[in-house]
Each structure stands twice: as structure tokens, then as C-alpha cells.
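We name chains A, B, ... by the order of the sequence lines, and we start the count at 1 in each one. Not measured: the values here are computed from a predicted model.
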2 protein chains.
Amino acid sequence: MTRVLVVDDDPAIVRALVINLRARQYEVDSAEDGAGALRAAAARHPDVVVLDLGLPDTDGVDVIRRLRAWSRVPILVLSARHASGEKVQALDAGADDYVTKPFGMDELLARLRAAVRRAEPADGGDVVVETEAFTVDLAAKKVHRDGRDVRLTPTEWHLLEALVRAGGRLVGQRQLLREVWGPSYGTETNYLRVYMAQLRRKLEADPSRPRHLITEPGMGYRFEK
Amino acid sequence: MTRVLVVDDDPAIVRALVINLRARQYEVDSAEDGAGALRAAAARHPDVVVLDLGLPDTDGVDVIRRLRAWSRVPILVLSARHASGEKVQALDAGADDYVTKPFGMDELLARLRAAVRRAEPADGGDVVVETEAFTVDLAAKKVHRDGRDVRLTPTEWHLLEALVRAGGRLVGQRQLLREVWGPSYGTETNYLRVYMAQLRRKLEADPSRPRHLITEPGMGYRFEK
DNA sequence: CGCGCGCGTCAGGGTTGCGTCAAGGTCGGA
DNA sequence: TCCGACCTTGACGCAACCCTGACGCGCGCG
């Protein structure tokens, strides 16, 4: 879930933002001054910060600088000032976007989505799943075992990926076949047997007693850490 | 040097932007419609795109989508419309920022700097990447090997750059083709074979046994340190 | 006890994909 | 106008992959 930090000294605005964001499944923290903002950012590691420039204790641009000193979290600035000098200062200090009050909630949310989307592949880069026998890197499409790379064929990789992405849940054979071979392959369960065997031979310590690529007889297969 | 692509059908705006950007040491290309924008983006690989939504031939949002189909270049949208619906559409299609006309040049430039700054470390990380066989300098666009410069053709460089920027991740052949040759070249995989061979001949110690420019059969290619 | 079912294993044959080479085409500079 | 560098395109051999069928095994059930 995406975590947002809202910083504003006007309780009405904070409330409006919190309600709207929570309704859209964001996790929201809030702060009402610069010190609180920096504390919250350090403690909670938000995925994006919505920052009002007119805070009671600190200059907003200074908050941006201090955040940027150690974090690359996207910062979306709110401000009542329309003057372009303010905007330039904030943006050059490291802000990602600048919205003037009064703002439309739809627009703000869209800009927020844009900021989060941009940041995603940057720091959430590698999705790596580890087991005691091998390591799967879903982003790089790489499998590691005993310090060496394991070579997988395209079909083997697709199958492994489908299982790993299910995150430990059971995947039915029909679903597996459709994901890997395409929508018209619902019954060729022998494909699964052949390729599961190859995967186990390449990945399991003891292929005849799989510990991670598990068969659920009559139902399907499951990946287990 | 940072390369900017300006897309607008109003010559006055294009001129103003080009003058201001060139004065600040940007390298500027321009296009006046959607088709030209896509062509220019494919040919010149700009570091940021400034895009007017009201183009004569195409819906601006559609241009954004088509760009996003193969590129992550930052897109800064210009528009005369203040309506929030337009903004939301453009941002959700993949735009990075949205500025309404008339705009202040200072503000636009600041937003442009923000967009470029964000993108820089996002896909590169290191500007210089070293292997035991050769060294790639992404900023200087140079390749060193055994203490001397290696001469690469433009296409060879694009290909190498796309692989190195992926940072060890596997790059699918379709994606590679689109990044290097443009969005309409999704299937000419023989290009890849030819140019990968040339790169290996120039860079690998033993071109028949590549250690850094690796083929993943059926899936794509990967750069490995 | 015999049978059927589902799963794992193995090996062979058709097909695809990759590396290689060479020739034709295009563009810009001398 | 000629020349060279670069890009495109096609052909060919080879290795790897995908599919397929056959067989063996364990289990549950009649």
C-alpha cells in the first residue's frame, strides 16, 4: 500500500486530504509543522510527501532541502502563493511538483499518482524472492543458485514466474497452463509435468523430493519459500 | 548536454521556447504535430519532452500513450485548458507535469529542471560502468578498452547504452528494438543479431564466448559486469 | 487382488531462434 | 562525381528448445 505524508498547518486541509486519500486506499500520516514533517518522514518512510509551504515554524523550502539531504521521496508542494519566484525556489530545492491553492482534489490526486508512478521502478526496483536453495529476481529475470546463475528457457521462466508471483498460493493447473501457454491450453497437463520436472532438476537440491516447487495432487502447483 | 524536444503547433511558442532553452545550453529539437513528435522522439532520444496538448493531427493524450509504450522520457504537458479533467487524463496517461498557458518562462524552466533531475539517477545510477574487459562512460558516450577508445557507430552505441542502462536486468528483444530503432520496429530481430555480433567483436575478449553481452535465448539480451 | 488415474521420467524428432557472412543501398563529405 | 562509413536485408548451418508419446510408479477403489 502506498504511504502518504501530509504536511499542513490548516486542520481543514489536512482533514480533507486524509479523508480523500484513505478512501482511495492510501495509508496516510500527517504533520502540522516542519519539525514534525521531518520526524514523520524519518520514522515512517512515506512513498510521497504532500507539503504546504506556509508552515508556522520553518520555511517550507528549508524543509525540502533537509528532506533531500537524505531522501529521494517525491515531494508535492502546496502553496497559496502564485508568485513564480516561490515556485522556482521550491522546485530547485528538490520539490517534484507545485500546486497552488485552492486546488482541485482530482488534479491533486492525479499529480500524486504521477509522482508515485515515477518513483516506483527507481527505488522499488528489484523484486527478489529468496529460498534456502535458490533466489529469483523477477525484475532482472534472473535465477541464482549456489552463487551461480541458472539458465532457464523461456517456458521454464514463465512457469516459475507465474508460481512465484502467486506468492505461495496454490495455482490451478488450468490457470497455470493459460498463463504460460496461452488461453487455449486448458487441458495439456502433461506440459506441466515435463516443465515442473525440469525446473526441479535445475533448482531443487533434491529434485525427487521438492521443497519449494510443490505438487498438490489433483489441484495444481505451489511455490513455497 | 540535455536534449529537449518541444512539440507545439504555434510557431511563436516554439520560437520562444527554443530561444530560451538554447540560451541555457539545452540542445533543442522541435515538432509541430503528433506524428512528428513521435518520429523525433524515436530518432533523437530526448531527455525531456515539452508537449502541447492541442495538436492539429492527434489527440495529445494519445501522443503521451504512444510515447509511453516504449519510452520513460519525462513529459511536460502544456495546455490552454484549465479544466481538471484534461489534466487528470494527461497525467494518468503518463505525463509528468502539466502547465497551463499562459505560463511563466521561469516556472516552466524550473519544472523542466525538476523533471530532468528526477530522471537522471533513476535509470542510470552510475555514469561510468566498468567491466574487466571494457569501460562504458554513459555521460561522455565513450567506450574504453585496453586504454584506448573504441569507435562505435551510432546504432551500436544506442544498443549498448540501452543494455547498460538496464543495469544487469534482462531487456526483451521487442523493447530493445523499440528503444534503439523506434516504436515501429518490434519484430526485426535480425537487426539485434547483427549488431550484437558487432558489439561483441569490438568489446568482448572472446567474441564467440561473450561474458558481458549475454544472450538469453527466446527472451532477450542482458549486460553483465 | 487387479484396475484406473494422476504424476514423474525419459528420449527422440520437428521446429524455432541465434550467430555468421556477404551483398546491396543510402547518405554525407571530399 | 566518387568514395567510404553505416545501415539494411537475405541465406545458411547449427544448436537449443518445445512438443509428444511411452513407460513406471504409487495410491485409492472396486
If only atom types and distance count, is the side chain of Asp96(B) paired as donor or acceptor with the main-chain N or O of Ile75(B) below 3.5 Å? yes

Rounded to whole angstroms, how far apart are OH on Tyr195(A) and P on dC10(C)? 16 Å

Could I get the full list of side-chain hydrogen bond (donor to acceptor under 3.5 Å, both in side chains) partners for Asp8(B), not counting sequence neighbours? Lys101(B)

First locate atom CZ of Phe223(B), then atom CG of Leu199(B), and finally report the distance between them rounded to the nearest 0.5 Å. 11.0 Å

Stretch residues 153-161 of chain A: residues that reach within less than 4.0 Å of DNA chain C through a heavy atom: none

What residues 201-225 of chain A contributes to the DNA chain C interface at heavy-atom separation below 4.0 Å is Thr215(A), Pro217(A), Gly218(A), Tyr221(A)

Checking Glu188(A) side chain against Leu177(A) main chain: does a donor-acceptor pair fall under 3.5 Å? no

CE (Met196(B)) and CG (Leu203(B)) are apart, to the nearest 0.5 Å, by 9.5 Å

Rounded distance (Å) that lies between atom C1' of dT9(C) and atom CD of Gln198(A): 11 Å

Polar side-chain atom of Arg68(B) near backbone of Val73(B) as donor-acceptor pair, under 3.5 Å: yes

Any donor-acceptor pair under 3.5 Å from Asp57(B) side chain to Ala35(B) backbone: yes

Closer than 3.5 angstrom, by distance alone: can the side chain of Arg145(B) be matched with the main-chain N or O of Lys202(B) as a donor-acceptor pair? yes

Distance check needed: dG19(C) P versus Leu199(B) CG, whole Å only. 12 Å

Short question: side chain of Glu156(A), backbone of Thr153(A) - any donor-acceptor pair under 3.5 Å? yes

Verify, without hydrogens or angle tests, whether Glu204(A) (side chain) and Arg209(A) (backbone) share a donor-acceptor contact under 3.5 angstrom. no

Short question: side chain of Arg222(B), backbone of Lys141(A) - any donor-acceptor pair under 3.5 Å? yes

Name the first nucleotide and the last nucleotide along DNA chain D (5' to 3') that come under 4.0 Å of a heavy atom in chain B. dC6(D) to dT9(D)

Give the ring-plane orientation class for Tyr191(B) versus Trp181(B), where under 30° counts as parallel, over 60° as perpendicular and anything between as tilted. tilted

Nucleotide dC10(C), atom P - distance to CZ of Arg200(A) in whole Å: 13 Å

Backbone N/O of Tyr98(B) and side chain of Arg111(A): donor-acceptor pair under 3.5 Å: yes

Audit row: Glu224(B), Lys142(A), salt bridge (Lys or Arg N to Asp or Glu O under 4.0 Å) steps and yes/no: CA-CA 12 Å; Glu224(B) 231 170 33; Lys142(A) 239 180 165 178; 3.0 Å; yes

Counting primed atoms plus P, OP1 and OP2 as sugar-phosphate and everything else as base, spell out the protein contacts along nucleotides 22-30 of chain C at 4.0 Å heavy-atom distance: B, S or - for each nucleotide, 5' to 3'. ---------

Side-chain (Arg3(A)) to main-chain (Arg44(A)) donor-acceptor, under 3.5 angstrom: yes

Neighbours of DNA chain D within residues 162-193 of chain A, by heavy-atom distance under 4.0 Å: Trp181(A), Tyr191(A)

